[in-house]
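This report refers to the structure that appears directly beneath it.
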Amino acid sequence: MKELHCDAVVFDFDGVLVESVDVKTQAFAALYAPYGSQIVDQVVAWHLAHGGVSRYEKFRHFHQTFLHKPLPAHEEAELAQRFSDLVEDAVVAAPWVGGAQELLETLHVRVPLFVASGTPEEELIRIIARRNMTRFFAGVAGAPRKKGEIIRGFIQSYEIAASRTLMVGDAMTDYSGAIDAGVMFVGIACGTHGFPKEVQVLSDLVELIHMIIAPQRPPIEIMH
C-alpha cells in the first residue's frame with residue numbers, strides 16, 4: 001500500500017464521490033435519441049471516453065462531429081437546461097461511491113478538501129448542498145473553468161504546496177488537470193481504464209482511507 005502524505009485533497013465528483021456517471025449517460029442518450037440509435041451510440045461512447053469534459057463542450061462536439069451541423073447559442077442553452085432537468089434530482093439521489101462518505105468524514109477535520117468538476121458550478125454547488133455535503137469542502141468549483149485552472153486556484157488561495165496536494169479522479173481530464181497543476185494523482189476505475197501504467201488506480205475509495213497520511217488541522221470554511 002502506497003502512503004500519500006497530503007495537505008489537501010481535490011476530488012472529481014461524478015464517479016468519484018457519487019455513482020452518477022450512468023445518470024448522465026442516460027441523459028445524453030435521451031437528448032440525442034431523436035437522431036437515431038447510431039448517433040446515440042456515438043454520443044454515449046464519446047461521453048464515456050471523455051469524463052470530466054463539460055456538457056457544453058460535449059454538445060458542441062456532438063453537433064459538429066456527429067450531426068455535422070452548427071449549434072447556435074440558444075439551442076445550446078436549451079440542451080443544457082434539458083440536461084440539467086434530467087439529471088439533477090437523480091444525482092442528488094445517487095448512491096455514494098464505496099468508501100466516499102467515510103473518507104470525507106475522516107479527512108475533512110484534518111485537511112482542506114475540494115471538488116473540481118466538469119459540472120456547471122452553480123448546479124454543482126446546489127447538488128452538493130442538497131446532498132448535505134457542503135460541510136466537507138473548503139472549496140467547490142466547476143465548469144466553465146478547466147480542472148488544472150481550478151486546482152491551481154485552490155492551491156494559490158489556501159497557500160498549499162502542490163507537491164502535497166492530491167487529485168482523485170476517474171477520467172483522463174482529471175489526470176491531465178493534476179499534471180497541469182503539478183499535484184499527485186490517484187485514479188478511480190473498475191476494469192479497463194486509460195490511465196498511464198504508473199498511475200495508482202483503485203476501484204473505489206475504501207482503500208484510499210488507509211493510504212492518506214494527513215496532519216491534524218481545523219477544517220476550512222467553504223469559499224464564497
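Heavy atoms from other residues, nucleotides or ligands lying under 6.0 Å from CD of E122 number 12 at most. Counted within 6.0 Å of CD on Q64, heavy atoms from surrounding residues, nucleotides or ligands total 12 or fewer; the atom is thus considered open.
Considering CG of L17 and CG of D12, their distance stands at 7.5 Å, rounded to 0.5 Å. The distance from atom CG of L113 to atom CZ of F136, rounded to the nearest 0.5 Å, is 9.0 Å. To the nearest 0.5 Å, the span separating CG on N132 from CD on Q101 amounts to 10.0 Å. The distance from the CZ atom of R110 to the CG atom of D7 is 11.5 Å, given to the nearest 0.5 Å. Note that the CE atom of M211 and the CG atom of L205 stand 11.0 Å from one another [nearest 0.5 Å]. The line from CD1 of I125 to OG of S117 is 11.0 Å long, rounded to the nearest 0.5 Å.
Residues A138 and Y158 come closest through the heavy atom pair O-OH, 3.1 Å. Scanning both residues, A94 and E19, for their nearest heavy atoms gives CB-O, 3.6 Å. Heavy-atom minimum distance, L107 versus A214: CD2-CB, 4.3 Å. Looking at every heavy atom in both residues, E105 comes nearest to H108 through O-ND1, 3.4 Å. The two residues L124 and A141 come nearest to each other via the heavy atoms CD2-O, 3.4 Å. Closest approach of E207 and D204 over heavy atoms only: N-OD1, 4.3 Å.
Taking 4.5 Å as the limit, every side-chain heavy atom of L4 sits out of range of all side-chain heavy atoms of I213. A heavy-atom distance below 4.5 Å is not found between the side chains of V140 and E121. A 4.5 Å side-chain heavy-atom check between T165 and C6 finds every atom pair outside the cut-off. Between V21 and V23 the shortest side-chain heavy-atom distance does not fall below 4.5 Å. Between V10 and L166 the shortest side-chain heavy-atom distance does not fall below 4.5 Å. Within the 4.5 Å cutoff, the side chain of L104 has heavy atoms near those of the F137 side chain. Taking 4.5 Å as the limit, some side-chain heavy atom of L31 sits within range of a side-chain heavy atom of F83. When side chains are defined from C-beta on, V115 does not count as touching I150, because their heavy atoms never get closer than 4.5 Å.
A distance-only check finds a donor-acceptor pair linking the side chain of S54 to the backbone of E57 [under 3.5 Å]. R131 places a side-chain N or O within 3.5 Å of a backbone atom of V91 that can act as its donor or acceptor partner. Checked by atom type and distance alone, the side chain of R130 never pairs as donor or acceptor with a backbone atom of V92 at under 3.5 Å.
Residues Y56 and W46 do not share a hydrophobic cluster, defined by chaining ILVMFWY side chains whose heavy atoms lie under 4.5 Å apart. V206 and F11 are not part of a single hydrophobic cluster, where members link through side-chain heavy atoms under 4.5 Å apart.
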Pair up each side-chain donor or acceptor in residues 173-187 with any protein partner under 3.5 Å, not counting sequence neighbours, and list the distances.
from	atom 1	to	atom 2	distance (Å)
T173	OG1	G51	O	2.8
D174	OD1	K147	NZ	2.3
D174	OD2	D170	N	3.0
D174	OD2	A171	N	3.1
S176	OG	M172	O	3.0
D180	OD1	R152	NH1	3.3
D180	OD2	R152	NH1	2.5

Begin with the C-alpha distance, continue with both residues' side-chain angles, and end with the deciding distance and a verdict on side chain to side chain contact (heavy atoms under 4.5 Å, CB included) for F13 and T119.
CA-CA 9 Å; F13 192 77; T119 299; 5.6 Å; no

Let me see the working for Q200 and L202 under side chain to side chain contact (heavy atoms under 4.5 Å, CB included), right down to the final yes or no.
CA-CA 7 Å; Q200 174 86 32; L202 307 174; 3.6 Å; yes

I would like to know whether W96 and M133 meet side chain to side chain contact (heavy atoms under 4.5 Å, CB included); could you show each step before the answer?
CA-CA 11 Å; W96 292 91; M133 295 170 66; 3.7 Å; yes

Just do the side chain to side chain contact (heavy atoms under 4.5 Å, CB included) check on V43 and D41 with the steps written out, would you?
CA-CA 5 Å; V43 162; D41 290 345; over 6 Å; no

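A donor-acceptor contact under 3.5 angstrom links the side chains of K58 and H47, judged on distance only. At a cut-off of 3.5 Å, with distance as the only test, a side-chain donor of D85 or Q81 sits close to an acceptor on the other residue.
When ring centroids are compared, F28 and F59 come within the 6.0 Å threshold. For Y32 and F62, the gap between ring centers is short of 6.0 Å.
Between E76 and R55 no salt bridge is recorded (no basic side-chain N to carboxylate O distance below 4.0 Å).
With sequence neighbours left out, K69 forms a side-chain contact (heavy atoms from CB on, under 4.5 Å) with Y35, H63, L67. Evaluation of the side-chain contact (heavy atoms from CB on, under 4.5 Å) rule for I209 yields E102, L103 as partners, not counting sequence neighbours.
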